[in-house]
Amino acid sequence: MANPSGAVFEKPTTLRTRVEEFLRAAIMDGRYKGGDRLREQELCEQLGISRPTLREALRTLEAERLISIEPHRGPTVVRITEKAARDLYALRALLEGYAAHEFARLASDAAVERLRASVRALHGQAGGQDRTALLAAKRDFYDVLLSGCDNDLIKDLLPGLLSRINLLRATSFASPERLPQSLAEIDRLFDRIQARDPEGAQAAARAHIVNAERTALEVLRRPQPETSASERDPAAPAGRDRPGPAR
């Protein structure tokens with residue numbers, strides 16, 4: 001069929017997407033911390049990419065509010081404040097509590113089984129040392145939860161907050177005692193969903209978020225040790241996720 005608009009369809013730029021994912025993971029892993037600058041020339045040289053490709057990736061991270069781009073300073077990793085954390089957790093409690101309520105009330109049996117599988121995967125990742133994989137497993141859990149709550153507006157609102165939520169999850173997981181508690185809370189949430197108890201599921205979701213907020217605020221208040229530039233360089237020698245030179 002002819003294209004009536006005459007617009008040119010462009011396939012997603014794979015390299016740009018890989019750069020986005022790489023830098024996002026570097027921020028999530030703490031290789032870059034709040035307030036750190038991302039020096040474009042160094043990143044281009046170390047990742048073997050062009051400046052336009054890097055800037056496209058940076059614009060995506062800016063839209064996710066992981067970085068800010070300031071005149072005469074360039075891109076800087078966003079610093080999470082206590083107020084920002086409190087604001088975000090307040091919104092999470094409202095939206096995710098409602099999502100849990102509606103999932104328990106409306107989700108199909110197949111969706112409940114997908115949620116069960118995501119809980120099982122989350123437990124599996126908890127036994128390892130890969131924090132990025134652990135955060136990804138929790139994102140998968142919430143993806144299933146939001147897809148099954150049958151509210152398109154919540155699904156539209158939360159993705160814009162997802163990256164900042166993940167930053168706060170990374171912060172709360174920095175407390176060693178938090179992870180077992182978090183898993184127990186998620187088990188409780190799934191138990192209430194499986195029992196088709198909307199009010200119980202909502203209460204369990206809100207309790208989980210309140211406890212996560214308490215731990216995250218405690219971690220944010222701790223003095224943060226200074227690290228050298230090389231220690232937090234996301235383009236330093238890395239593993240398999242490092243994007244290769246532009247082809």
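Excluded from the calculations below are hydrogen atoms, water molecules and symmetry mates; all remaining heavy atoms, backbone and side chain alike, are included. For the single chain, residues carry numbers from 1 onward in sequence order.
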[atom1] of [X] to [atom2] of [Y]: how many Å apart, nearest 0.5 Å?
X      : Y      : atom1 : atom2 : value
Gln202 : Arg206 : CD    : CZ    : 6.5 Å
Arg16  : Arg18  : CZ    : CZ    : 13.5 Å
Lys83  : Leu220 : NZ    : CG    : 14.0 Å
Tyr142 : Arg92  : OH    : CZ    : 4.5 Å
Leu106 : His101 : CG    : NE2   : 9.0 Å
Ile193 : Arg105 : CD1   : CZ    : 13.5 Å

Report task. List the steps, then state whether side chain to side chain contact (heavy atoms under 4.5 Å, CB included) holds for His123 with Asp187. Result -> CA-CA 10 Å; His123 276 274; Asp187 287 343; 2.8 Å; yes
Any side-chain heavy atom of [X] within less than 4.5 Å of one from [Y]?
X      : Y      : value
Phe103 : Leu115 : yes
Pro180 : Leu183 : no
Leu38  : Leu54  : no
Leu66  : Val78  : no
Ile67  : Tyr32  : no

Identify the two heavy atoms, one from [X] and one from [Y], that lie closest to each other, and give their separation to 0.1 Å.
X      : Y      : value
Ala107 : Ala111 : CB-CB, 4.0 Å
Tyr89  : Ala212 : OH-O, 3.7 Å
Leu189 : Ala201 : CD1-O, 3.3 Å
Leu122 : Lys138 : CD1-N, 3.8 Å
Thr53  : Ser50  : OG1-OG, 3.0 Å
Glu56  : Glu20  : O-OE2, 4.3 Å

Query raised in the report: Is there a side chain to side chain contact (heavy atoms under 4.5 Å, CB included) between Leu23 and Leu58 once you walk through the steps?
Result: CA-CA 9 Å; Leu23 292 176; Leu58 291 174; 4.1 Å; yes
Looking at [Y] and [X], is there a salt bridge between them, counting it only when a charged N and a carboxylate O are closer than 4.0 Å?
X      : Y      : answer
Arg116 : Glu113 : yes
Glu64  : Arg24  : yes
Arg37  : Glu42  : no
Arg214 : Glu218 : no
Asp109 : Arg196 : yes

Donor-acceptor pair, [X] side chain versus [Y] backbone, under 3.5 Å?
X      : Y      : result
Ser182 : Leu179 : no
Asp36  : Lys33  : yes
Asn211 : Ala207 : yes

Review item, side-chain donor-acceptor pairs of residues 145-153, under 3.5 Å, at least two apart:
| residue | atom | partner | partner atom | Å |
| --- | --- | --- | --- | --- |
| Ser147 | OG | Asp143 | O | 2.8 |
| Asn151 | OD1 | Leu153 | N | 3.0 |
| Asn151 | OD1 | Ile154 | N | 3.0 |
| Asp152 | OD1 | Lys155 | NZ | 3.4 |

Query raised in the report: Within a reach of under 6.0 Å around CD of Gln41, are more than 12 heavy atoms found that belong to other residues, nucleotides or ligands?
Result: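 No, CD of Gln41 has 12 or fewer neighbouring heavy atoms, counting only those of other groups under 6.0 Å.
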Query raised in the report: Are Ile69 and Ile27 linked, directly or through other ILVMFWY residues, by side chains that come within less than 4.5 angstrom of each other?
Result: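 Ile69 clusters together with Ile27.
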Query raised in the report: Does NZ or CZ of Arg31 lie under 6.0 Å from the centre of the six-membered ring of Phe22, at an angle within 45° of the ring axis?
Result: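 Judged by the rule (NZ or CZ under 6.0 Å from the ring centre, within 45° of its axis), Arg31 counts as positioned above Phe22.
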Query raised in the report: Have Glu185 and Gln181 got a donor and an acceptor in their side chains that come within less than 3.5 Å?
Result: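 Judged by distance alone, the side chains do not pair up.
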**Report entry** Counterpart residues, side chain to side chain donor-acceptor pair (under 3.5 Å), relative to Glu40 (two or more places apart)
**Finding:**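 Listed in chain order: Arg51, Arg55.
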Query - Those residues that, when tested against Thr76, pass side chain to side chain donor-acceptor pair (under 3.5 Å) (two or more places apart) - result: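 Side chain to side chain donor-acceptor pair (under 3.5 Å) list for Thr76, sorted by chain: Arg73.
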